[in-house]
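A short write-up of the structure that comes next.
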Amino acid sequence: MTQLTDIKLICFDLDGTLVNSVPDLRLSLNAMLEELSLPHVNDLVVKTWVGDGIPKMVERCLQHVNGNDFSQDLLANAVSIFEGYYQQFLNTESGLYPAVKSTLFKLQDKGYKIALITNKAEKFLPDLLAYFGINRCFDLLLGGDTLARNKPDPMQVEYAREHFNIGASETVMIGDSRNDILAGQNAKVSTIALTYGYNFGEPIAQINPDYIVNHFDELLTLL
């Protein structure tokens with residue numbers, strides 16, 4: 001595997017890349033559904049809804065259990081209910097993927113600037129990262145609602161580059177889903193896809209990332 005050269009900024013996705021967040025999302029969705037008197041869902045189907053932020057995930061959940069028979073008011077109420085439960089269930093059953101913490105520490109020790117670029121709401125990030133002991137690894141946190149647009153739009157990646165005054169050829173976007181790879185491609189930076197994540201249930205190779213790895217610590221052979 002050819003090593004990436006000249007990289008100074010690494011942009012990481014969160015859900016499905018660093019953290020297997022589906023268990024906590026499922027707990028929160030089911031608590032929301034219970035409150036709305038709707039049937040529960042399981043991890044396998046929740047995995048296919050992750051990646052476009054909380055409102056879209058909740059919308060997909062409601063469509064799954066109730067068809068399209070819901071109003072925008074119900075959707076807004078459901079999102080609010082979900083967020084309350086997610087704050088409660090955050091870090092209950094979810095965990096880091098293997099070798100994430102040790103690999104992040106090694107990349108940090110190598111001197112890379114490291115940004116977290118996720119479509120998850122910014123307010124959930126500090127507690128989540130602190131719980132897993134990886135908050136010190138990130139020089140910049142960009143949630144899905146931090147800027148006007150989020151992945152697959154290139155705005156977050158471009159903001160991170162400009163924040164550190166680092167060129168596109170010196171930047172890489174790493175994630176598990178098409179939104180991550182498309183955001184990197186749209187920002188004209190290198191992309192690395194991880195095969196173990198969610199990607200809406202589809203093979204990540206279909207998006208044509210520059211590199212594909214199966215385990216998180218394989219990044220150390222590239223960077």
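- Shown here is N165, whose CG atom has no more than 12 heavy atoms of other residues, nucleotides or ligands within 6.0 Å.
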Item checked: Criterion side-chain contact (heavy atoms from CB on, under 4.5 Å) on Q156 and N119, from CA distance to verdict -> CA-CA 10 Å; Q156 289 164 299; N119 283 352; 3.8 Å; yes

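- With contacts defined as side-chain heavy-atom distances shorter than 4.5 Å, the pair V41/W49 qualifies.
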Checklist line | Check against side-chain contact (heavy atoms from CB on, under 4.5 Å), I192 and L219 | finding: CA-CA 9 Å; I192 302 175; L219 295 173; 3.8 Å; yes

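- Judged purely by distance below 3.5 Å, without hydrogens or angles, the side chains of R136 and Q108 pair a donor atom with an acceptor atom.
- For the pair K101 (side chain) and F132 (backbone), a donor-acceptor distance under 3.5 Å is present.
- At least one donor-acceptor pair closer than 3.5 Å links the side chain of K110 to the backbone N or O of L223.
- In terms of modelled atom types and a separation under 3.5 Å, the side chain of T118 and the main chain of G143 share no donor-acceptor contact.
- For N214 and T195, the side-chain atoms include at least one donor-acceptor pair closer than 3.5 Å.
- Side-chain atoms of D210 come within 3.5 Å of backbone atoms of T191 as a donor-acceptor pair (strictly under, hydrogens ignored).
- Counting only distance, with no hydrogens or angles, the side chain of E162 and the backbone of V157 share no donor-acceptor pair below 3.5 Å.
- A donor-acceptor contact closer than 3.5 angstrom is absent between the side chains of Y97 and D176.
- Within 6.0 Å of OH on Y159 lie no more than 12 heavy atoms contributed by other residues, nucleotides or ligands.
- A donor-acceptor pair under 3.5 Å is absent between the side-chain atoms of D217 and the main chain of A99, judged by distance alone.
- Using a 3.5 Å distance cut-off with no hydrogens or angles, the side chains of S80 and N77 do not pair a donor with an acceptor.
- Remark: the backbone N or O of L182 is not paired with any side-chain donor or acceptor of K151 at under 3.5 angstrom.
- Ion pair R149/D153 flagged as a salt bridge, since at least one NZ, NE, NH1 or NH2 atom sits closer than 4.0 Å to an Asp/Glu carboxylate oxygen.
- A salt bridge does not link R161 with E158: every distance from a Lys NZ or Arg NE/NH1/NH2 to an Asp or Glu carboxylate oxygen is 4.0 Å or more.
- Between the side chain of D6 and the main chain of E170, no donor-acceptor pair closer than 3.5 Å is present.
- The six-membered or imidazole ring of F12 lies near that of F216, with a centre-to-centre distance under 6.0 Å.
- Looking at N186, its side chain never comes within 3.5 Å of a backbone N or O of P154 through a donor-acceptor pair.
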Next item on the list: Show the numbers, then the answer: is there a side-chain contact (heavy atoms from CB on, under 4.5 Å) between F70 and L75?
Entry: CA-CA 7 Å; F70 60 88; L75 175 58; 4.3 Å; yes

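- The closest donor-acceptor contact from the side chain of Y86 to the backbone of I54 lies at 3.5 Å or more, if one exists at all.
- Here the side chains of I166 and K113 are in contact, with some heavy-atom distance below 4.5 Å.
- Considering D15, D13, N150, D145 in turn, D15 is the only one that fulfils the side-chain hydrogen bond (donor to acceptor under 3.5 Å, both in side chains) rule with K120.
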